[in-house]
Amino acid sequence: MTPKERINGYQLVYHRPDTLTDNPTHYCPGCSHGVVHRVMMEVVKEMGIQDRTVGVAPVGCAVFAYNYMNVDMQEAAHGRATAVATGIKRVLPDRYVFTYQGDGDLAAIGTSETIHTVNRGENILIVFINNGVYGMTGGQMAPTTLLGMKTTTSPMGRDVVTMGHPLDITPLIAQLPGALFVTRHSVHTPAAVRKLKKALRLAFEYQPLNKGTCFVEVVSNCPSGWKMTPREANAWMEKNMFTAYPPGDVKLPPPGLN
Amino acid sequence: MIRGTVLVAQEICKGCELCVIACPQDCLGLSETLNKKGYRFAMLTADSCTGCENCALVCPDAALTVYREPKPVRRPATSVQGAA
Ligand SMILES: Cc1ncc(C[n+]2csc(CCOP(=O)(O)OP(=O)(O)O)c2C)c(N)n1
Ligand code: SF4
Ligand code: SF4
Ligand code: SF4
């Protein structure tokens with residue numbers, strides 16, 4: 001049967017959103033980055049805010065996010081995405097402004113910008129992709145790397161004495177008075193993807209209320225950096241990453257908001 | 001059971017298999033041949049698809065389009081006109 005014959009009389013129930021460009025991504029097979037891009041752009045499409053959304057891309061594997069997300073985008077220097085987003089939001093307060101950052105970008109070189117942006121309660125959305133390594137540069141240890149986890153710069157596994165503890169930055173962010181909505185998700189199952197989508201939708205909807213920063217962490221995989229197949233990486237993530245970084249809401253907006 | 005089907009954008013699929021493990025009907029697999037990028041691509045391997053969208057939800061490359069047969073419309077028994 002040809003594809004045309006197969007769909008004859010059937011209804012279209014899911015297709016790629018046109019808020020993603022047609023460019024194939026450079027991401028490795030199975031990488032969570034692609035799923036998060038797609039879900040974010042589905043939300044932008046469903047809310048009808050494509051022409052009012054501005055994203056800030058990081059340094060890291062998602063450095064080319066502007067080639068894939070079909071909204072206005074600005075590239076930032078490594079770690080500085082939330083500072084750049086602050087400027088954009090203050091000049092264009094009616095726009096939906098988000099940053100998209102890995103753990104090396106947000107929780108290592110950009111820790112200072114991240115904390116101060118949220119402490120100022122900037123009305124932006126920060127999307128934080130936590131895959132426990134520096135993917136782009138070849139799988140080096142990140143602040144979020146788990147204890148015992150082998151990376152190219154912790155070949156015997158991360159140990160506390162010389163390398164410190166894994167940095168769980170999301171609960172720290174939640175303590176800041178400027179944080180409105182802080183939540184942690186993943187994209188390894190259809191149910192998890194649905195939950196992330198709901199959270200991103202809420203985070204975008206809160207933005208015009210000018211009540212503070214929304215922070216959405218996505219515990220992610222890095223099949224290449226972890227030297228696993230995508231299937232193995234997702235299973236490993238569920239077993240190990242979720243222990244250190246359990247999915248769930250960390251801070252909810254005060255009741256009655258909206 | 002509602003019937004569905006999926007179309008795979010073969011040239012952007014990277015053969016990651018995440019759709020294969022997400023499919024509750026076990027009706028997806030990877031091709032024997034390679035696409036231009038050198039990846040095996042996802043394909044339907046059985047006709048048990050229900051159009052549940054699970055595969056599309058987990059696909060990192062937005063390579064899947066999902067279709068479903070329309071819900072059957074109930075017609076009152078007397079409305080058949082001109083029947084022999
Ligand atoms: C100022 C500066 N320092 C260091 C680098 C090298 N560098 C590029 S990407 C990266 C880390 C990326 O890791 P992460 O943010 O976790 O993103 P991932 O690639 O894992 O998605 C580093 C250190 C750089 N490009 N610029
Ligand atoms: S190196 Fe890791 S984070 Fe980067 S694209 Fe590949 S799998 Fe994704
Ligand atoms: S729509 Fe559902 S049943 Fe059909 S291939 Fe995808 S996951 Fe399987
Ligand atoms: S999830 Fe997407 S990219 Fe991966 S094998 Fe299936 S269709 Fe291809």
Under 3.5 Å donor-acceptor, B:Lys14 side chain and B:Phe41 backbone: no
When A:Val187, A:Val193, A:Ile7 are compared by non-hydrogen pairs under 4.5 Å with chain B, the top option: A:Ile7
Under 3.5 Å donor-acceptor, A:Thr145 side chain and A:Pro143 backbone: no
Which atoms of A:Thr189 approach chain B - backbone, side chain, both or neither, heavy atom under 4.5 Å: backbone
Distance flag, aromatic centroids of A:Tyr27 and A:Tyr68, threshold under 6.0 Å: yes
Proximity breakdown for B:Glu69 and chain A, heavy-atom pairs closer than 4.5 Å: both
A:Phe128/A:Phe215 aromatic ring centres below 6.0 Å: yes
Sidechain-backbone polar pair: A:Arg38 side chain, B:Cys59 backbone, donor-acceptor under 3.5 Å: yes
Flag, side chain of B:Thr45 to backbone of B:Cys27, donor-acceptor distance under 3.5 Å: yes
Under 4.5 Å from any heavy atom of chain A - which part of B:Cys52: backbone
Residue selection (most heavy-atom pairs with chain B, distance under 4.5 Å) from A:His15, A:Arg194, A:His33: A:Arg194
Pairs of heavy atoms under 4.5 Å with chain A: top-ranked of B:Pro60, B:Cys13, B:Cys16: B:Pro60
A:Arg201 (side chain) donor-acceptor with A:Val43 (main chain) under 3.5 angstrom: no
Under 4.5 Å from any heavy atom of chain A - which part of B:Leu44: side chain
Residue A:Arg6 versus chain B: region with a heavy atom under 4.5 Å: both
A:Leu20, part contacting chain B, at a heavy-atom distance under 4.5 Å: side chain
